[in-house]
Number of protein chains: 2
Amino acid sequence: MPKRPFTRPAPPRPTNAELEILRVLWRRGPCTVRAVHASFERADPIGYTTVLKLLQIMTEKGLVRRDASLRSHVYSAAVSEASTQRRMVADLVKRAFGGSTLRLLLHALATRPATPREVYQIRRLLNHQKNGARA
Amino acid sequence: MPKRPFTRPAPPRPTNAELEILRVLWRRGPCTVRAVHASFERADPIGYTTVLKLLQIMTEKGLVRRDASLRSHVYSAAVSEASTQRRMVADLVKRAFGGSTLRLLLHALATRPATPREVYQIRRLLNHQKNGARA
DNA sequence: ATACTATTACGAAGGCGTTCGTAGCTCAAC
DNA sequence: GTTGAGCTACGAACGCCTTCGTAATAGTAT
């Protein structure tokens with residue numbers, strides 16, 4: 001078998017390093033390895049080839065896309081921030097809240113009491129949803 | 001140095017296997033290895049000694065406590081479900097939502113539109129919090 | 001053309017999580 | 001006392017994640 005004809009489904013939760021790289025790509029758009037490496041800010045600095053290797057692996061996993069037409073390959077995120085967040089939240093809900101998103105919500109609200117501004121925003125969202133909510 | 005004088009702080013997110021075991025202990029209370037193993041329901045069954053090993057490791061990590069006074073040791077959860085959920089949510093917020101719990105909330109609300117009953121519960125919580133909310 | 005530099009590719013090491021086989025111990029039954 | 005069943009302890013294997021060193025390659029400047 002050759003490489004892989006179709007893109008693998010994205011894993012439920014990217015690893016730490018993968019997330020850090022995705023964050024850079026989401027924020028700055030398509031980047032060379034050097035650019036990604038440069039905009040990495042860490043307690044312990046990370047090697048250039050480490051970033052390269054990660055990007056290569058992430059390409060295989062379908063997390064990023066590579067444009068190899070230039071000498072310095074240009075990488076871009078192949079998964080959106082929103083969809084990644086969705087997957088990660090879904091994973092957390094499944095693993096820690098028995099599949100109940102509501103429980104996650106209540107938990108988050110209870111542990112981190114909202115500021116008035118936050119309360120306002122949540123209320124606004126609830127009002128909007130009231131209409132379009134699917135039972 | 002001997003074993004470890006004080007309990008290590010619980011890790012931000014228990015692993016999958018650890019969570020599955022904790023779930024059993026939370027649900028059924030203190031259990032022997034055999035009991036934990038018995039109440040495991042999985043697509044692929046898991047070996048008895050695997051559960052044992054996991055419980056031993058979790059003891060070292062401070063996730064469970066062991067009562068070795070009986071021949072069959074009795075294990076119990078050393079971390080509460082609520083605190084574990086708190087840690088896991090905090091970890092997710094940090095890793096995927098740039099530290100903003102609000103963003104997680106809005107995201108969860110947006111992706112999984114609430115049922116009227118859910119909306120009601122959330123509103124109620126918001127009302128309660130309004131008073132006690134720390135700015 | 002040659003030497004230097006930037007980049008990619010490859011491989012390997014170390015750590016952690018998960019799994020299980022095997023050995024050794026303890027208690028009870030005979 | 002000997003045997004057997006059940007339990008714990010230990011260690012090893014395997015895979016994945018992260019890290020980096022080194023080799024190979026392509027482009028640039030002299």
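For D/dA9, one of the phosphate oxygens OP1 or OP2 lies less than 4.0 angstrom from a side-chain nitrogen or oxygen of B/Q56. Listed pair B/K61 / C/dG17 meets the phosphate criterion, a side-chain N or O lying under 4.0 Å from OP1 or OP2. Note on A/Y48: a side-chain N or O is less than 4.0 Å away from OP1 or OP2 of C/dT8. Residue A/R42 has no polar side-chain atom (N or O) positioned under 4.0 Å from OP1 or OP2 of D/dT18.
Other members of a hydrophobic cluster containing A/I57 are absent, since no ILVMFWY side chain comes under 4.5 Å of it, directly or through relayed contacts. Taking a 4.5 Å side-chain heavy-atom cut-off between Ile, Leu, Val, Met, Phe, Trp and Tyr, the cluster of B/L70 extends to B/V74.
B/I57 comes within 4.0 angstrom of a base, heavy atoms only. Contacts of A/S72 with the nucleic acid, taken as non-hydrogen atoms under 4.0 Å apart, involve only primed sugar atoms and P, OP1 or OP2. Counting non-hydrogen atoms under 4.0 angstrom, A/T15 reaches the backbone sugars and phosphates but no base.
Closest to the side chain of B/R34, out of C/dC10, D/dC7, D/dC20, is D/dC7. Comparing C/dT18, D/dC20, D/dA9 by their nearest atom to the side chain of A/T50 picks out D/dC20. Comparing atom distances between the B/H73 side chain and each of D/dC20, D/dT8, C/dT7 picks out D/dT8 as nearest. Side chain of A/T49, nearest nucleotide from D/dT19, D/dT8, D/dT22: D/dT22.
Rounded to whole Å, the distance from CG on A/N16 to P on C/dC16 is 14 Å. Between A/R95 atom CZ and C/dG17 atom P the separation is 12 Å, expressed in whole Å. A straight line from CG of B/D44 to C1' of C/dT18 spans 11 Å, rounded to a whole angstrom.
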Contact list (N/O, under 3.5 angstrom) for nucleotides 23-30 of chain C vs protein:
| from | atom 1 | to | atom 2 | distance (Å) |
| --- | --- | --- | --- | --- |
| C/dT26 | O2 | B/R71 | NH2 | 3.3 |

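Between B/R95 and A/E20 there is no salt bridge, since none of the side-chain N atoms of the basic residue sits less than 4.0 Å from a carboxylate O of the acidic one. The pair B/E18-B/K61 meets the salt-bridge criterion, with a side-chain N (NZ, NE, NH1 or NH2) lying under 4.0 Å from an Asp/Glu carboxylate O. Between B/R87 and B/D91, none of the side-chain N atoms (NZ, or NE/NH1/NH2) sits under 4.0 Å from a carboxylate O, so this pair counts as no salt bridge.
For B/K53 against D/dG11, a side-chain N or O and a base N or O form a donor-acceptor pair under 3.5 Å.
Side-chain contact between A/L19 and A/R13: absent, with no pair of heavy atoms (C-beta onward) separated by less than 4.5 Å.
Other residues, nucleotides and ligands contribute more than 12 heavy atoms inside 6.0 Å of the CZ atom of B/R66.
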